[in-house]
Structures are given as structure tokens and as C-alpha cells.
There are 2 protein chains.
Amino acid sequence: MFVVENLYLGNQVKDMRLSPTLKKIAEQLNVSISTVSRALKDHPDISAETKQKVNELATLIEYDPNPYAVNLRTHNNKEFAIVVPSLSNFFYHSFISSIEEDARQQGYSVFIYRSSNDPQIELEILKSCRLKRVSGVFISITTETKDISPFTKLDGYGIPVIFFDKVPSSELCNKICVGDAHAASLAASEILKKGIKNVLGIFGDPNMSITQARFQKFTEVLAAGNQKVQLKTVYAISSEEAEQVALAAIADFKGEYFAVFCMSDEILAGVMKAVQRKNLKVLKDVGIICISDGMIPKLFYPEITYAETSGFKLGKLALNRMMRCIAGSSFAQTIVDESRLIEGGSI
Amino acid sequence: MFVVENLYLGNQVKDMRLSPTLKKIAEQLNVSISTVSRALKDHPDISAETKQKVNELATLIEYDPNPYAVNLRTHNNKEFAIVVPSLSNFFYHSFISSIEEDARQQGYSVFIYRSSNDPQIELEILKSCRLKRVSGVFISITTETKDISPFTKLDGYGIPVIFFDKVPSSELCNKICVGDAHAASLAASEILKKGIKNVLGIFGDPNMSITQARFQKFTEVLAAGNQKVQLKTVYAISSEEAEQVALAAIADFKGEYFAVFCMSDEILAGVMKAVQRKNLKVLKDVGIICISDGMIPKLFYPEITYAETSGFKLGKLALNRMMRCIAGSSFAQTIVDESRLIEGGSI
DNA sequence: ATTATGACCGCAAACGTTTGCGGTAACATT
DNA sequence: AATGTTACCGCAAACGTTTGCGGTCATAAT
């Protein structure tokens with residue numbers, strides 16, 4: 001690391017304090033502040049002539065209302081908060097990206113908060129949201145979050161809370177989630193369709209509801225098929241563990257064809273490393289299928305077939321729901337985004 | 001997608017308006033608002049007894065100052081803005097993550113804005129930052145941004161602007177950037193060290209300064225080596241293009257060993273697809289080296305050797321610099337984070 | 001000539017803080 | 001007894017808006 005110190009910037013601290021205000025416009029034009037305020041919002045009480053004068057001066061000096069003053073009066077700002085356990089995850093990125101895009105178009109800004117999967121931090125963040133009187137909160141809760149009363153409390157304050165991805169089990173809240181069961185069943189069906197005999201299913205943290213849902217449906221669909229499939233399931237809570245599991249399986253199956261189902265990108269990453277390490281040819285030596293947002297699967301050749309869980313789509317759905325809530329809807333809705341199978345040629 | 005409508009939430013809109021304020025505490029305790037305000041900030045003028053009463057009631061009714069009122073008075077909020085061209089990029093994620101982490105600890109919140117690489121949107125975002133009177137802005141500018149006066153204007157308003165990653169060429173601003181030249185030279189040196197004869201260098205958009213810096217240094221170092229290396233350089237502006245280029249090269253070299261230098265993750269992704277498609281063994285048949293944040297290289301086996309550009313480290317540096325600016329530093333500093341080589345066994 | 005009707009505009013309070021300044025009482029100092 | 005200190009506290013203005021209400025004119029209706 002190296003540093004270059006450059007020229008002195010001088011003290012041109014043109015203080016914020018002298019930024020354009022209604023008062024300044026009013027003084028300039030010899031009218032009252034209220035008149036200026038009303039003129040700018042095209043109030044019928046103000047004459048066309050005055051409106052014009054005001055607007056001209058306003059654009060000239062680049063007037064813009066002070067959002068803090070406005071909020072103080074109206075209790076109405078245009079800010080959303082998105083709270084996620086972690087940012088190192090492509091799914092959240094696309095979700096955030098999706099929200100940000102639409103929100104900006106509607107004049108909203110978005111705060112990003114990261115709970116680090118710590119319920120304590122999550123609470124602090126919620127508090128911050130309450131204090132800031134954000135217009136709404138999108139949140140994917142931590143795996144440890146048990147008590148959802150802080151969220152309903154926020155809702156009670158008039159701040160809609162939309163849960164997404166990691167959602168509480170309660171039905172008295174707005175939830176937008178990935179169709180875990182559906183995605184798992186898509187993958188399982190695909191395996192059945194290909195008539196594969198040996199299957200290794202690798203799943204994530206068994207304590208997470210998402211894992212349970214995927215596990216349950218995957219095994220169920222596979223069992224319900226009218227073919228005899230040999231299924232082995234394992235939990236792996238990290239990429240490395242997944243790699244180990246896969247290596248062991250490769251040794252076990254000694255040359256026999258088998259398919260691996262990876263519940264998540266993380267697991268897929270580990271599995272693919274094992275596959276490459278053992279120099280197996282995907283599709284020919286081993287079949288791979290996973291549930292993913294779609295970024296990682298596209299890094300390999302052949303691309304990995306996956307049941308898509310689109311953060312982008314989820315974002316659109318969530319914002320939509322949020323807007324309805326703000327508009328006054330008071331139903332608790334659970335929206336499940338069913339996924340579709342994206343064929344990549346890996347199975 | 002399917003939807004479940006659930007129970008009616010009722011009209012428990014416990015309006016924000018009746019949230020705890022200084023006034024309410026004051027009335028309860030029969031003291032003045034100023035006394036409450038001062039008691040809460042441990043002002044010496046207030047007696048220990050009063051302080052205690054106030055604090056007790058305050059925590060009881062969960063008082064927290066209204067940030068809008070505070071800002072209106074003090075012109076001082078605790079919010080940073082991060083502006084990036086796109087969010088679909090691991091580097092920015094780790095940068096954001098890094099900033100968010102430290103910022104939160106210091107009581108700051110962070111806004112995320114995405115310019116979509118559109119200078120027009122970028123301007124709007126800057127305006128929004130000005131209106132919100134954020135405490136500081138971290139920005140990676142669009143590739144089209146020519147005029148940096150809007151940024152210096154912000155600085156003039158007392159809002160420090162820290163450029164990162166994609167930075168303007170002007171030296172009158174605070175810049176934190178990746179050591180492009182250094183990273184490129186690390187990669188080139190590694191290639192020389194391994195005594196590789198044939199090299200394919202794939203670079204991104206030739207109009208970007210980052211590309212130019214990397215290209216220039218890479219070729220320079222390679223040429224300066226005292227070995228004869230056969231270097232071919234190509235620009236590829238997408239993952240797909242990179243794949244095509246690599247496929248062509250593989251055909252060209254027909255079995256001869258060569259190394260590929262990938263300027264970015266995107267290019268690496270394309271190249272790796274070509275390698276897998278042609279069933280080449282990395283390290284044995286072909287050497288790979290790249291510049292990366294480190295996520296993608298770790299998805300392969302062997303892991304790809306890369307010169308690290310750490311968004312995480314950059315974030316720390318940037319926040320550090322920001323704090324200094326807020327504290328009053330008025331030097332324009334350019335900080336370059338030199339990268340280090342992470343050996344992955346791919347070359 | 002008086003009254004009603006609009007059209008247009010300003011007063012002032014309120015939102016919830018912060019803070020300079022001034023005030024009061026009690027106590028210590030001459 | 002007059003003065004100086006000290007410890008505590010409140011007044012009021014200010015930050016920049018929004019908005020109900022009332023006011024002033026000129027013009028139209030009676």
C-alpha cells in the first residue's frame with residue numbers, strides 16, 4: 001500500500017447551512033414562506049404569476065426541500081431498509097439490486113443493514129429503522145431469530161415489514177419466499193426423469209427451515225417415483241465439508257454412475273472442486289444438479305442444471321407487496337415464488 | 001408462484017406520532033424540556049438526582065431522539081452513501097460489507113445507490129446525497145463520468161467524497177484504489193518465474209483506465225524479463241467473448257503448453273469454461289493466472305493463482321480515510337492498495 | 001350602496017431537538 | 001448586611017417545512 005498526499009484543498013467549506021430554503025426564496029420575492037411553499041406544490045390558491053416567479057427562482061438557485069424538515073412535519077420519508085444476515089451471497093445481491101432499481105424509480109432510497117446473523121445486532125438495526133421512521137423494511141431474519149414480536153411492533157408503528165428468503169414460521173406476517181419445496185421437487189423429478197439409480201443429496205445446516213423443506217420434499221419426491229433409486233443424504237455446513245463428502249462418495253461409487261444434488265451454491269462449489277480434483281467428467285461420469293440463483297452454475301462447463309431461486313424476481317415481488325402495504329393493505333400475505341428448472345447439461 | 005392470503009391484521013396503527021419525546025418526559029417530571037435534554041446528555045448543569053429521574057423514565061418509555069429533529073438543528077447525521085455502478089460484482093460486495101461493518105460500529109448507517117453506470121443517474125444520486133446531507137460519500141464512478149465538478153461541489157458543501165476502485169484521474173480528490181499496475185506486475189512476474197514461454201493475456205474494455213493500467217504494466221514487465229516470451233494480448237468485453245478467445249487460443253497452441261492471464265473474474269469465468277470444455281488439465285496442459293477478489297478462483301480445482309484485489313481491505317482503508325476527512329483533514333490523498341499473490345496451484 | 005363571492009396571500013402554530021443566556025436560590029465571603 | 005459564588009434550571013429562538021384559518025382586496029350580484 002502506498003499513499004500520495006496531494007494539494008491542500010483549502011477551506012472552501014461552503015457550509016450546508018446556507019443552502020437554499022423557502023425563506024430565502026420568500027425574502028427575494030417579497031412574499032411569505034407559505035406562499036412559496038404552496039406555489040411550489042401548485043396549490044390552487046396561488047396565482048399563476050406568482051407560481052412562475054417562484055418556480056423560476058427555485059430552479060435558479062437549485063432549491064430542494066430539506067428532507068429532515070419535511071419529515072419532522074409530515075412523518076413521511078421515502079426510505080426503505082433491507083436487512084440481511086450477510087452480504088456475501090449472490091442471492092441477496094440480486095435481491096437488493098432488484099429492490100434498489102424499482103425503489104429509486106419511485107423516489108425511494110434504500111438502506112442496507114447486515115445483521116451478521118446475530119439477533120442482537122438485528123434488534124439494534126430494527127431500532128434504527130424505527131427511529132429513522134423508514135417507510136418499510138425488507139428483512140431476511142437470522143437463523144437464531146425466534147421472537148418476532150419486535151417485527152410486529154414495527155408493523156404496529158405503521159412501518160410495514162416484509163420478510164423474504166429466511167422468514168419466520170408465523171402466518172401473521174408478510175412473507176415472500178423461495179419455493180423451497182418446489183425447487184427440490186423439480187430437481188428430484190429431473191433425477192427421476194433421467195432414470196438415475198444412485199443419488200447423493202447434500203444439504204446444508206439441518207437446523208435451518210430452508211434445509212428441512214428442501215430435504216423433506218427432495219426425499220419424498222424421489223421415494224414416490226416408481227423407480228428404485230439408491231439415495232444417500234448428507235449434511236454439510238461448509239463448502240469444504242461438501243467437498244469431503246463428495247470425495248468420499250466418489251470413492252464409494254468407484255466408477256459407477258451417480259448423481260449429486262446440491263442444496264445450495266456453497267455446496268455446489270465444494271462438490272465441483274471434488275469433481276475437478278478427481279478429474280471426473282460431468283454428465284459422463286457424474287450427474288450434478290442443484291438449487292441456485294444461477295451465477296455459480298454458469299461458471300462451469302457443462303453448465304450445471306439447476307432449479308432457479310431468483311433473488312431478482314423475489315425482489316420485484318417484495319417491492320410490489322411493500323407498495324400495497326404502504327397503500328394500506330392490511331392482509332398478511334405469503335407469496336411463494338416457484339422456481340423453474342434451468343437446464344445446463346450436467347445431468 | 002402462489003399466494004396465501006392470511007388473517008386481517010386489524011387497524012392497530014399505533015401512529016408514530018405518539019412516540020416518546022423530550023416534551024413528554026418533561027411533562028411527566030415537571031421539568032423543562034431543556035433540562036431533560038441536558039440530563040440525557042449528562043450536562044454538568046443538571047443535578048445527579050434529576051439526571052437519574054430523567055434517565056429512568058427515558059429508558060422506561062424507550063425514548064430515543066428523533067433523528068430528523070436532531071438533524072434539523074445540528075446538520076449532522078450519521079449516514080454514509082455508497083454509490084456503485086453495479087451490484088453484480090463480488091468486489092463491490094466485499095467493499096460494501098467492509099464499510100457497513102465498521103460504519104455500524106461507529107453508529108453510522110449506509111445507503112446503497114447504484115448508478116447502473118449511467119452518469120445521469122449518478123447525478124441524481126449525488127443530488128439525493130446532498131439533500132440528505134449524508135456525512136460522506138463513497139463512490140465508484142461510471143465509465144462515462146467525465147466531469148468531476150459535481151463531486152467537488154459536494155465536497156465544498158462539507159460532504160467528503162472518497163472515490164474508490166473506478167476513480168477519476170484528477171489529483172485533487174481523495175482516491176482509494178486497487179494497485180492495478182502492481183497486481184498486473186505480480187502476475188507477470190509469476191509467469192516469468194515459472195519460465196513460461198507462451199502467454200495469452202486477456203483484457204477487458206480497452207476504454208477503461210483499469211484495463212489500460214493493467215495492460216500496460218503486464219506487457220511491460222513481461223517484456224522486461226530476460227526470457228523470451230511469446231505474448232498475445234486480446235480484449236474481451238464479456239465472459240462469452242473471453243471463452244471464444246480462449247477456445248481459439250487452445251486450438252492455436254495445439255497441445256503446446258501456454259499460460260493465460262485473465263484481467264478480471266469475468267474473463268476468468270469465460271476462460272475456465274473453455275478449459276473445461278476442451279477438457280484441459282489446469283497446470284498440466286495450461287497455466288492460469290488472474291487478478292481477482294478471490295471468490296471465483298476458489299471455485300476451481302486446482303484453485304486459480306491470483307493477484308488479490310481485496311474489496312474488503314479497500315473498504316477499511318476508505319472508511320479510515322473518510323473518518324479523517326470528517327475530522328477535518330483537507331488533504332487530497334491517493335491511497336493505492338498493493339495486492340499480493342495468492343497461490344492456488346494453477347500455474 | 002350594500003353585500004356576497006372569489007382569488008390570492010400571510011400569520012402562526014406545530015413537528016422535536018439543541019443551546020446561549022439569563023434567572024433564582026442557597027451558601028460562603030468580606 | 002452587602003456582595004460574590006456556585007449549583008441548578010427554564011426561556012426562547014432557531015433549524016425548514018406544512019397547513020388551517022383568517023384577512024384583504026377587487027369584482028359581481030342584489
Side-chain angles (χ1 to χ4, degrees), chain A residues 15-55 57-58 61-79 128 130-133 157-158, chain B residues 15-55 57-58 61-79 107 128 130-133 135 157-158:
Chain A
D15 201 308
M16 261 337 241
R17 255 157 284 245
L18 33 90
S19 61
T21 69
L22 289 184
K23 197 206 270 193
K24 297 204 182 104
I25 299 184
E27 279 165 359
Q28 278 280 325
L29 263 37
N30 275 320
V31 292
S32 77
I33 297 183
S34 0
T35 302
V36 177
S37 174
R38 282 190 254 256
L40 288 173
K41 6 182 83 63
D42 205 23
H43 191 285
D45 263 14
I46 309 299
S47 74
E49 191 194 4
T50 320
K51 277 179 190 167
Q52 206 205 333
K53 279 196 306 181
V54 169
N55 279 303
L57 185 52
I61 65 175
E62 290 185 301
Y63 168 78
D64 267 293
N66 179 327
Y68 293 94
V70 173
N71 182 279
L72 193 56
R73 264 293 308 214
T74 64
H75 295 269
N76 166 20
N77 65 11
K78 293 267 213 165
E79 296 168 348
S128 178
R130 180 166 56 87
L131 295 185
K132 283 192 191 310
R133 277 94 170 144
Y157 275 123
Chain B
D15 202 309
M16 261 340 242
R17 256 157 283 243
L18 33 91
S19 62
T21 68
L22 289 184
K23 197 204 272 193
K24 297 205 182 103
I25 299 184
E27 280 166 1
Q28 277 278 325
L29 264 37
N30 275 320
V31 293
S32 77
I33 296 183
S34 2
T35 302
V36 178
S37 174
R38 281 191 256 255
L40 255 14
K41 9 180 81 65
D42 205 25
H43 193 283
D45 262 13
I46 308 299
S47 73
E49 190 194 6
T50 322
K51 276 179 190 166
Q52 206 204 332
K53 280 196 305 181
V54 169
N55 278 303
L57 184 54
I61 66 175
E62 290 185 297
Y63 168 79
D64 265 293
N66 179 328
Y68 292 94
V70 174
N71 181 279
L72 192 56
R73 260 301 304 225
T74 64
H75 295 272
N76 164 21
N77 64 11
K78 294 264 210 165
E79 296 168 347
S128 179
R130 179 166 56 85
L131 296 186
K132 284 191 191 309
R133 278 94 170 144
S135 304
Y157 276 123

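Quick caveat, the model's predicted, so the values are computed rather than measured. Just so it is clear: chains get the letters A, B, ... in the order the sequence lines come, proteins before strands, and each one is counted from 1.
The K23(A) side chain lies nearest to dC15(D) when the options are dT19(D), dC15(D), dT17(C). For V70(B), counting side-chain heavy atoms from C-beta on, the closest listed nucleotide (dG16(C), dT17(D), dT18(C)) is dT18(C). The side chain of T35(B) approaches dG10(D) more closely than any other nucleotide in the set dT17(D), dG10(D), dT17(C).
Going from atom CG of L40(B) over to atom P of dG16(C) covers 16 Å, rounded to whole Å. Rounded to whole Å, atom P of dG20(C) lies 12 Å from atom NZ of K41(B). Whole-Å rounding puts the K24(B) NZ to dT17(C) C1' distance at 14 Å. Put simply, CD on E49(B) is 13 Å from C1' on dC9(D), counting in whole angstrom units. Between the CG atom of N77(B) and the P atom of dC15(D) there is a distance of 18 Å, rounded to whole Å. For the pair L22(A) CG and dT18(D) P, the computed distance is 6 Å after rounding to whole Å. To the nearest angstrom, C1' of dG16(D) lies 9 Å from NE2 of H75(B). Between the CG atom of D45(B) and the P atom of dT6(D) there is a distance of 13 Å, rounded to whole Å.
Taking five base pairs at each end of the helix from dA1(C)-dT30(D) to dT30(C)-dA1(D), the local helix axes there meet at an angle of 70°, rounded to 10°.
Here the side chains of Y63(A) and V36(A) are not in contact, with every heavy-atom distance at 4.5 Å or above. Looking at V54(A) and I46(A), their side chains never come closer than 4.5 Å, going by heavy atoms from C-beta outward. P20(A) has its side chain out of reach of D64(A): every pair of non-hydrogen atoms, C-beta onward, lies at least 4.5 Å apart.
OP1 or OP2 of dT17(D) has at least one side-chain nitrogen or oxygen of Y63(A) nearer than 4.0 Å. Note on S37(A): every side-chain N or O is 4.0 Å or more away from OP1 and OP2 of dT19(D). Contact annotation: S32(A) does not reach the phosphate of dC11(C) (side-chain N/O to OP1 or OP2, under 4.0 Å).
Under the 3.5 Å distance criterion, with hydrogens and angles disregarded, no donor-acceptor pair is assigned to the side chains of R130(B) and S19(A).
For R73(B) against dG20(C), no side-chain N or O and base N or O form a donor-acceptor pair under 3.5 Å. Taking only distance into account, the side chain of R38(A) meets the base of dG20(D) through a donor-acceptor pair shorter than 3.5 Å.
Counting non-hydrogen atoms under 4.0 angstrom, S34(B) reaches a base of the nucleic acid. Nucleic acid contact class of N76(A) (heavy atoms, under 4.0 Å, all strands): none.
Between the side chain of R133(A) and the main chain of L131(A), a donor-acceptor pair closer than 3.5 Å is present. Remark: the backbone N or O of R38(B) is not paired with any side-chain donor or acceptor of K51(B) at under 3.5 angstrom. Of the possible polar contacts, none joining the N66(A) side chain to the L72(B) backbone as a donor-acceptor pair under 3.5 Å is found. Counting only distance, with no hydrogens or angles, the side chain of S37(B) and the backbone of I33(B) share no donor-acceptor pair below 3.5 Å.
Residues I46(B) and P65(A) each lie close to DNA chain D; by heavy-atom proximity, the contact nearer the 5' end of the strand is made by I46(B). Between N66(A) and N30(B), it is N30(B) whose nearest contact on DNA chain D lies nearer the 5' terminus. Position along DNA chain C of the nearest nucleotide to K51(A) versus I33(B) favours K51(A) as the more 5'-ward residue.
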